[in-house]
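The structure appears right after this line, and notes come after that.
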Amino acid sequence: MRPLKYLPWGPLCQVAGLATVAVGLIERLLISSLNQFNLLALLTSVFLLLEALQFGLGFGTGALGVIILERWFSRLSVNASVLWALVGCLVLTLWVKTLLPFIWVIGLDQLSIVGTLLGVFWQGRRHWRR
């Protein structure tokens with residue numbers, strides 16, 4: 001438990017917040033454009049497409065989190081522990097996002113958590129062995 005105390009929690013929470021807000025805005029644009037063309041009813045009737053959208057948004061959140069971490073917080077040494085901490089911060093921000101259901105559409109469930117996990121470790125695959 002002692003090494004958890006030395007992880008860069010402040011920057012990781014900032015990264016998670018930025019990634020979640022950015023993907024949330026993309027989510028709102030996507031949902032509003034689907035509503036404009038009345039395609040949301042079609043997507044909800046085709047359950048598999050809605051699940052793919054949920055997984056894709058989770059994957060995008062994770063990958064964007066690593067990209068933001070590498071670009072804007074380049075002074076941090078990214079390793080597997082930092083990536084796992086980023087996953088935790090992203091899941092936390094996704095959970096906070098679900099507390100505001102009137103703003104966001106896609107909630108926190110297993111698909112979005114698995115998508116986030118895969119997005120973080122796919123984008124951060126060069127940092128695994130550090």
So which heavy atom on [X] is nearest to which on [Y], and how close?
{"X": "Pro11", "Y": "Pro8", "result": "CD-O, 3.4 Å"}
{"X": "Leu90", "Y": "Ala19", "result": "CD2-CB, 4.1 Å"}
{"X": "Leu7", "Y": "Ala85", "result": "CD1-CB, 3.8 Å"}

Here's a test for you: under side-chain contact (heavy atoms from CB on, under 4.5 Å), which of Leu12, Leu117, Val78 qualifies with Leu83?
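When Leu12, Leu117, Val78 are each tested with Leu83, the side-chain contact (heavy atoms from CB on, under 4.5 Å) holds only for Val78.
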Would you mind listing every salt bridge (charged side-chain N to carboxylate O under 4.0 Å, His left out) that reaches into residues 55-72, with sequence neighbours excluded?
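Checked against salt bridge (charged side-chain N to carboxylate O under 4.0 Å, His left out) - neighbours excluded - the pairs reaching residues 55-72 are Glu70-Arg126.
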Quick one: does [X]'s side chain get under 4.5 Å of [Y]'s, heavy atoms only?
{"X": "Val114", "Y": "Leu118", "value": "yes"}
{"X": "Val82", "Y": "Leu69", "value": "yes"}
{"X": "Leu57", "Y": "Ser112", "value": "no"}
{"X": "Glu27", "Y": "Gln54", "value": "no"}
{"X": "Ile68", "Y": "Leu64", "value": "yes"}

Which residue pairs pass the ring-ring contact (aromatic ring centres under 6.0 Å, His included) test when at least one of the two sits in residues 12-33, sequence neighbours left out?
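Counting only pairs at least two positions apart or across chains, no ring-ring contact (aromatic ring centres under 6.0 Å, His included) contact touches residues 12-33.
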Going by the ring-ring contact (aromatic ring centres under 6.0 Å, His included) test, which pairs reach into residues 58-94, not counting sequence neighbours?
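Passing the test, one end in residues 58-94: Phe59-Trp122, Trp84-Phe121.
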Following the transitive rule for hydrophobic clusters with a side-chain heavy-atom cut-off under 4.5 Å over Ile, Leu, Val, Met, Phe, Trp and Tyr, establish whether Ile67 and Val15 coincide in one cluster.
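Per the 4.5 Å side-chain linkage, Ile67 and Val15 are not co-clustered.
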Are Trp9 and Val87 in one and the same hydrophobic cluster, where Ile, Leu, Val, Met, Phe, Trp and Tyr link if side-chain heavy atoms are under 4.5 Å apart?
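Cluster IDs for Trp9 and Val87 match.
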To the nearest 0.5 Å, what is the distance between [atom1] ([X]) and [atom2] ([Y])?
{"X": "Leu94", "Y": "Thr20", "atom1": "CG", "atom2": "OG1", "result": "5.0 Å"}
{"X": "Ile26", "Y": "Thr61", "atom1": "CD1", "atom2": "OG1", "result": "8.5 Å"}
{"X": "Leu86", "Y": "Ser81", "atom1": "CG", "atom2": "OG", "result": "12.5 Å"}

